[in-house]
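Step one of this worksheet: look at the structure below.
Numbering of ligands and ligand atoms starts at 1, following listing order. What's counted below: heavy atoms across the whole structure, side chains too, no hydrogens, waters or symmetry copies.
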Amino acid sequence: MHEMSIAQSLIDILKEEMAKHGAGTLRSVRLHIGQLSAIVPDSLSFCFEVMTSDTEMEGAKLIIETIPLKGTCRECRLTFEIKDYTFECPECNSTEIDTIAGQNLSIVEMEVE
Ligand SMILES: [Zn+2]
């Protein structure tokens, strides 16, 4: 499962951050997930919950926000939200689109004790 390895790398990053701040307990983590990253928030939450049981991260809440996919048209430089995976400029109908957001997962905020 795709989300399993994502949860694992997330846990690795969080562990490192907690060690850096001398934190003992993780309360919550806010994540931004790009629409194009193909991550299913519910599966990620589930994997995270399973993989953190009996660790210092047990019970931590994952707050997942999905970030819409955005692109810039190479022809007219218009920046727009890409809907339904239609990689076409709404202004000039060009298909030369650079995606600029919505592809990655990032940790926005973490609350520790
Ligand atoms: Zn255009």
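Within the 4.5 Å cutoff, no side-chain heavy atoms of I39 are placed close to those of I64.
E109 is linked by a salt bridge (Lys or Arg N to Asp or Glu O under 4.0 Å) to R30, counting only residues two or more places apart in sequence or in another chain. For E111, the side chain to side chain donor-acceptor pair (under 3.5 Å) criterion is met by S28, not counting sequence neighbours.
The tally of protein N/O/S atoms under 2.8 Å from the Zn ion (ligand 1) stands at 4.
Under the side chain to side chain donor-acceptor pair (under 3.5 Å) criterion, no residue pair touches residues 82-92, with sequence neighbours excluded.
By the neighbour-count criterion of 12 heavy atoms within 6.0 Å, atom CD of E49 is sparsely surrounded, having that number or fewer from other residues, nucleotides or ligands.
When atom types are taken as modelled, the side chain of S94 and the backbone of E96 share a donor-acceptor pair closer than 3.5 angstrom.
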